[in-house]
2 protein chains.
Amino acid sequence: MKLSTKTRYGTRALLDLAINQEKGPVQLKDIAQRQSISLTYLEHLVTPLINAGIVRSARGRKGGIWLAKSPQEIRLDEVILLLEGSNAPVECVDRPDICPRSGSCVTRDIWTEMKKALDDVLAATTLQDLMDRQNAGTQAVARS
Amino acid sequence: MKLSTKTRYGTRALLDLAINQEKGPVQLKDIAQRQSISLTYLEHLVTPLINAGIVRSARGRKGGIWLAKSPQEIRLDEVILLLEGSNAPVECVDRPDICPRSGSCVTRDIWTEMKKALDDVLAATTLQDLMDRQNAGTQAVARS
DNA sequence: ATTATTGTAGACTAGATTAGTCAACAATAA
DNA sequence: TTATTGTTGACTAATCTAGTCTACAATAAT
Ligand code: FES
Ligand code: FES
């Protein structure tokens with residue numbers, strides 16, 4: 001039950017974008033550098049976010065990417081769904097038909113609860129929340 | 001974020017054991033047959049449970065395995081920990097030292113919440129609960 | 001004692017998945 | 001026109017998963 005690096009890096013990249021997009025499009029190159037992710041790999045992380053419409057992009061000089069919505073409108077459950085797929089720990093939680101006995105399978109109930117628990121945690125947090133925490137943290141460090 | 005078959009089969013095997021242990025040791029062969037798991041694979045699933053002391057075993061004729069504790073004393077978080085490992089979706093949740101910036105990493109807070117949410121769900125359910133649900137289900141079917 | 005039966009341990013393997021890289025291409029601003 | 005930036009997809013090495021296979025250890029029945 002580990003998250004892929006795609007999800008972890010992708011989430012970090014999105015947070016980086018949220019923090020740095022004030023002055024217009026942010027270039028992948030810069031995100032890659034700040035977050036220590038290879039540029040070619042980062043491209044793959046961003047693609048699903050663009051396709052889903054939560055990030056927008058422009059090519060060419062002065063190109064880059066930016067958030068299509070405000071940070072408080074982007075919940076982590078959407079992000080993780082795009083990067084990692086469903087939080088269902090077993091396939092049959094989402095598609096009962098693939099397990100013949102899913103109607104009477106008691107372990108499936110538990111797997112379903114696990115999915116819901118994860119969804120709840122992730123749906124309760126937005127990109128804005130992460131930005132706020134980040135700022136609070138750096139201020140605390142600066143203050144000390 | 002998928003559970004391995006080891007965890008899924010292992011949990012089913014344990015539930016099968018809990019249900020069938022009334023008349024003494026249950027043989028792996030029988031669990032394998034009832035649960036449609038190959039005997040040789042099942043052996044690997046059971047080993048960590050035996051080593052951890054929640055299942056006991058005896059070899060030879062009339063041998064088999066049985067629960068070392070009563071079903072209501074066996075929580076699913078223990079079981080999943082043994083079969084799948086920690087619910088931490090990222091290694092650094094359990095071992096902050098492996099990520100240099102773990103002290104100020106805001107995504108890590110989220111991964112930590114995910115782990116806690118999973119632990120809470122699993123700790124709230126015992127093998128006895130699964131047995132009860134199973135019985136309720138089959139009765140409901142029989143009644144209908 | 002011997003033997004059939006049961007669990008134990010670990011080496012081994014095929015296939016799937018992950019975590020990337022690489023190269024060719026498309027769009028746009030200067 | 002060209003330098004720059006994102007897009008796409010093929011490709012690969014390494015790792016992990018889901019098992020199998022073999023030899024062995026312990027015990028009950030005979
Ligand atoms: S594992 Fe799919 S229904 Fe039980
Ligand atoms: S991912 Fe480990 S601390 Fe941020």
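Q134(B) CD to I19(B) CD1: the interatomic distance, rounded to the nearest 0.5 Å, is 4.0 Å. To the nearest 0.5 Å, atoms CZ (R56(B)) and CD1 (I65(B)) are separated by 13.0 Å.
At whole-Å resolution of the value, CG in L42(B) and C1' in dA18(D) are 14 Å apart. L39(B) places its CG atom 12 Å from the C1' atom of dC21(D), with the value rounded to the nearest Å. Between the NZ atom of K2(A) and the P atom of dC16(D) there is a distance of 11 Å, given to the nearest Å.
Shortest non-hydrogen contact noted between A123(B) and R75(B) is O-CD, 3.3 Å.
Using a 4.0 Å cut-off between charged nitrogen and carboxylate oxygen, R133(A) and E113(B) count as a salt-bridge pair. R8(A) and E91(B) are not joined by a salt bridge, as no carboxylate oxygen comes within less than 4.0 angstrom of a charged side-chain nitrogen. Between K116(A) and D120(A) there is a salt bridge, since a side-chain N of the basic residue sits under 4.0 Å from a carboxylate O of the acidic one.
When atom types are taken as modelled, the side chain of D129(B) and the backbone of T126(B) share a donor-acceptor pair closer than 3.5 angstrom. No donor-acceptor distance shorter than 3.5 angstrom exists from the side chain of Q35(A) to the backbone of A32(A), with no hydrogens or angles considered.
Shown here are the salt bridge (Lys or Arg N to Asp or Glu O under 4.0 Å) partners of E84(B), two or more places apart in sequence or in another chain: there are none. Not counting sequence neighbours, R61(B) has no partner by the side chain to side chain contact (heavy atoms under 4.5 Å, CB included) test.
For DNA chain C, the span of nucleotides reached by chain A at under 4.0 Å from its heavy atoms goes, 5' to 3', from dA19(C) to dA30(C).
Residues from residues 57-68 of chain B with heavy atoms under 4.0 angstrom of DNA chain D, sorted by number: R59(B), G60(B), R61(B), K62(B). Against DNA chain C, the stretch residues 3-33 of chain A makes heavy-atom approaches under 4.0 Å through S4(A), T5(A), Y9(A).
No side-chain N or O of Y9(B) forms a donor-acceptor pair with one of S4(B) less than 3.5 Å apart.
Annotation for K69(A): atom NZ counts as buried by contact number, over 12 foreign heavy atoms lying within 6.0 Å.
Here dA30(C) sits opposite dT1(D) as a Watson-Crick or G-U wobble pair (both hydrogen-bonding atom distances under 3.5 Å).
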Any N/O pairs under 3.5 Å between the protein and nucleotides 9-12 of chain D? List them or say none.
unit_1	atom_1	unit_2	atom_2	d
dG9(D)	O6	H44(A)	NE2	3.1

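Looking only at side-chain heavy atoms (C-beta outward), R108(A) and R101(A) stay at 4.5 Å or farther from each other.
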